[in-house]
Amino acid sequence: MVKNNVLLDIKNLKLYYQTMRGPVQAVDGVTFALEHNSSLVFIGESGCGKTSLSKAILRLLPKNVAEYAGEVYFDGVNIMEYDDERFRKEIRWKKMAFIPQAAMNALNPVVKIEDQISEPLIVGGLVNTKEEALEKVKEALRLVGFPLQFMKRYPFELSGGMRQRAIIAMALSAKPDLVILDEPTSALDLLTQANIMNELKTIKKEYGLTYVLITHDVGTASEISENVAVMYAGQIVEYSDAERFFNNPLHPYSEKLLESIPRLRRRKDVLGYIPGQPPSLINPPKGCRFAERCHKRFSKCDQEPPTYEIQGRFVKCWLYERGEQDAR
Amino acid sequence: MQDSVLLNIENLKVYYELRRFGFVHAGYVRAVDDVTLSLKKGEALSIVGESGCGKTTLAKTILGLVKPFSGKVIFDGKDLTDLDGRMKLWYSSQVGFVQQDPYGALPPFMTVKRILQEPMLIHGIKDPNEQMARITKILTELKMTPVEDFLGKFPHMLSGGQQQRVVIARATILNPKLIVADEPVSMLDASVRVEILQLLRQLQKEHGIALIYITHDLSTVSYFSERIIVMYAGWIVEEAPAQELVENPLHPYTKALFEAISDPDAENLKTFKKVPAGEPPSLVNPPSGCRFYPRCDARVDGLCDRGRPEYLWVNEKHRVLCFPEEQKQRFKT
């Protein structure tokens, strides 16, 4: 990975939740770096810690946190050292915006769309007058293809696609550098999904944004991913550029994951699936966390594998101990 | 047996009445509008479409949960609209329903065993040995083994995939002739979807059950059914054998749906999808003429906005609801 021009650099980020039966290791030692105007997709099954990771980056933490540690460099500054108040004032929404999972639940039902989008601008002190805020709101709404005549409506008067657009506009209104999208289209219809993906692509190019997309829908992920990180049981097991990842995944888990996706074009006759369940994150297995379900398991998998670098890609698997050739 | 018709739907209309102040008639929501289709015994049929296109209403009508406004639903020679109480009970043993949200569909205070006993108790299978034999058989087929481990569990103790298997087991335990599966895997995790669909398909094939698979996920339909129906705004806009539809979609809407699907491929990053803007029309006041007309890129003004198109039969099994090409050409000039 080239280290210049880095926007977000995360080192050994941990987020554990406290439960009755012990700490849940939802995010366990995640390390990655992301350049300006690039995009990264996190894919993985539900419960693998992808949503927790987004919360850890944005510091939107629930009450039962047991451990929250690591380094998060944003534009070269370690923002983990900021206290909550400073983080809220300087980073959240102004530098990093968040597009949450289901848009229908994310909007306040009793506030009009225009007021809702202008609220963070006014509260954050980015504008001086309401008129100025509304100008910015209009600009953001235009960008996402939201018809301006619906600005004065309430969320329940809009369709799912429109609400999702409003949410995206809200995230963009403060002109952040980084946008974290947590399953931005999974609750929407196919055609709406494709439309919104088109718009996200255009916006990225126009505004020079950086995206972190979190999804379990690998097909949609490929629409805006330049890099792919595969998460399994709280850890990144593979990090790669999209081109090589989709053609030749390295980790056995990524391989199986890609095999299990039904394809319309270039159809395969047999679909694979991964037997079994992901491990509990309260007492994760000592060695490789995927070993129990892995079809390429061998004796070494009882110990935790280190992360190997293979031509600029990263994979956490013993198969790559001696480089790529051996694993094939 | 394979060729005999199990379900026949003729000119089915399902309208929901809108009322103002609770009693003043204020129009209809035309959820299903003039749908005709038939299903053979043991056949797997997929119904695809966006939300609000009427596919769930169609399923509910087939299950007898919603009364049709007009038209006929004939199951095994009997018209559903005039089933009386006892026949309704018989009918409920003939069709199984697999719901979208397994957790919502299972009673949280019943164990797996109790859940699976329930339909048998209702339909008079009272012998405990036979009950257990059936439960064991179906759970083994669904690969929930060892069966004893699951019998005493409550739904919240199971994973999403296991919950959905219990729902499938409950739907098939009375050996129905038809299973209606409404988005059976959309609430499940991507990695178990294929497994559940394969189990459902296997069960369906082995027992010769007819299956109606309702989904918006076009990429799975060609794997799990023989025939596909595409619905838009209450109409069937295209019907064809699965492979043929994937290779040769004809209706502009079907084409748009296929275009919108992303296969995992790094090339997607560089391209934009050609999808129609806008949203499906209101079903209270649908557009005059073809309902896809406002979003269609192949529309011909003066033709497509007047009158409903007729079905064009491309071949014996492939029909499409669109105006013929010659007619369009004539209108353009």
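Chain identifiers are assigned alphabetically (A, B, ...) following the order of the sequence lines, protein sequences preceding nucleic acid strands; residue numbering begins at 1 within each chain.
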Of all heavy-atom pairs between Asp263(B) and Arg263(A), which one has the smallest distance, and what is that distance? OD1-CA, 3.4 Å
Check whether Met197(A) gets within reach of chain B through its side chain, its backbone, both or neither, counting any heavy atom under 4.5 Å. neither
Looking at Ser159(A), Gly145(A), Gly219(A), Ala194(A), which makes the most heavy-atom pairs under 4.5 Å with chain B? Gly219(A)
So, the part of Glu279(B) with a heavy atom under 4.5 Å from chain A: the answer is side chain
With a 4.5 angstrom heavy-atom cut-off, which part of Val275(B) approaches chain A: side chain, backbone, both or neither? both
Tightest non-hydrogen contact, residues Ser222(A) and Pro264(B), listed as OG-CA, 3.8 Å
Taking the side chain as every heavy atom from C-beta outward, state whether Ile196(B) and Tyr273(A) have any pair of such atoms under 4.5 Å apart. no
Gap separating the CD atom of Gln193(A) from the NE2 atom of His216(B), nearest 0.5 angstrom: 7.0 Å
Please classify the contact of Ser225(A) with chain B as side chain, backbone, both or neither, using a heavy-atom distance under 4.5 Å. backbone
Atom group of Pro280(B) that falls short of 4.5 Å from chain A, counting heavy atoms: neither
Between Tyr223(B) and Pro262(A), what is the shortest heavy-atom contact and its length? CE1-CB, 3.7 Å
Would you say Lys273(B) has more than 12 foreign heavy atoms packed within less than 6.0 Å of its NZ? yes
Chain B contact via Thr220(A) - side chain, backbone, both or neither, heavy atoms under 4.5 Å: backbone
How long is the span from the NZ atom in Lys201(A) to the OG1 atom in Thr271(B), to the nearest 0.5 Å? 4.5 Å
Between Glu247(B) and chain A, with a heavy-atom cut-off of 4.5 Å, which part of the residue counts as in contact: side chain, backbone, both or neither? neither
Check whether Glu45(A) gets within reach of chain B through its side chain, its backbone, both or neither, counting any heavy atom under 4.5 Å. both
Taking Asn198(A) for the side chain and Phe272(B) for the main chain, is one N or O donor matched with an acceptor at less than 3.5 Å? no
Return the minimal non-hydrogen interatomic distance between Thr192(A) and Glu50(B), and the atom names on each side. OG1-OE2, 4.3 Å
Which of Leu218(B), Leu257(B), Thr220(B) touches chain A most, by non-hydrogen pairs under 4.5 Å: Leu257(B)
Answer key: most heavy-atom pairs under 4.5 Å with chain A among Ala256(B), Ser262(B), Gly52(B), Ser159(B) is Ser262(B)
Considering all heavy atoms, the nearest Leu191(A)-Ala260(B) contact: CD2-CB, 3.8 Å
Exercise: identify the closest heavy-atom pair between Glu226(A) and Leu269(B): CG-CD2, 3.5 Å
Quick one: does any side-chain atom of Asn268(B) pair with a main-chain N or O of Ile224(A) as donor and acceptor, under 3.5 Å? no
